[in-house]
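One structure is given here, and the rest of the page talks about it.
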Amino acid sequence: KEFLVEISGTTVTVTCPITEGSISWRLNKEQAPGNDRKYVIENHNSSPVQMTCSSPSSTVHHLYLNARVCANCEELDALAVTGIITADLLITFGVLILVYYFSKDRKGRASSSAGSRPRGQKMQRPPPVPNPDYEPIRKGQREVYAGLESRGF
């Protein structure tokens, strides 16, 4: 059996798994008032609490409560969260489509700014002049490289 913990604002309600008899509560090893199955903590300060509930005829049930509470929190159900995310995505895609269509129209227009220069045909560059120090050895030209002999180390 398990404890049932309900949090609403700064109020925490803990329900003991024991169903029969008089129930005694202990908070941080001190006796707490009340002998009901539900224990209500008003204005909980979010500090951890060790709770136990017991009855004379059954075992002791322990609970470590580490609940964060706030006074002005709003609870959202799954439908509200889904709606918020869907609306955000639709607005984002709408802005993307608008930016795409407006930027698409600007690409075809000629620029009339003063700094632009007319575009002519692209000039083809001639190939780079080969470096004579790295010319490949051709047939009949081995005498050019005859003076380069490997040195013995």
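Reckoned from all heavy atoms, side chains included, excluding hydrogens, waters and symmetry mates. Numbering starts at 1 and runs along the sequence shown. Note that this is a predicted model, so its numbers are computed, not measured.
- Taking CD of Q50 as the start and CG of N28 as the end, the distance is 6.0 Å to the nearest 0.5 Å.
- The line from CG of N43 to OG1 of T11 is 6.5 Å long, rounded to the nearest 0.5 Å.
- The two residues H44 and V69 have their closest heavy-atom pair at O-CG2, 3.2 Å.
- When all heavy atoms of L27 and I41 are compared, the pair lying nearest together is CD2-CD1, 4.4 Å.
- Using cut-offs of 30° and 60° on the angle between ring planes, the pair H61 and F3 is perpendicular.
- The two residues S24 and Q31 make their nearest non-hydrogen contact at CB-NE2, 3.7 Å.
- Using a 4.5 Å cut-off on side-chain heavy atoms (C-beta onward), Y64 and P48 make contact.
- With rounding to the nearest 0.5 angstrom, the CZ atom of R68 is 11.0 Å from the CD1 atom of I7.
- No continuous path of hydrophobic side-chain contacts links L98 to L90 [ILVMFWY only; heavy atoms under 4.5 Å].
- Contact between R37 and W25 at its shortest, heavy atoms only, is O-CZ2, 3.3 Å.
- When all heavy atoms of C53 and I18 are compared, the closest pair comes out as O-CD1, 3.9 Å.
- Among all heavy-atom pairs drawn from V60 and S54, the shortest one is CG2-CB, 3.7 Å.
- Atom CG of N66 and atom CG of L63 lie 10.5 Å apart (nearest 0.5 Å).
- Atoms CG and CD1, on L96 and I91 in that order, are 12.0 Å from each other to the nearest 0.5 Å.
- In this structure, CG on N45 lies 10.0 Å from OG1 on T10, to the nearest 0.5 angstrom.
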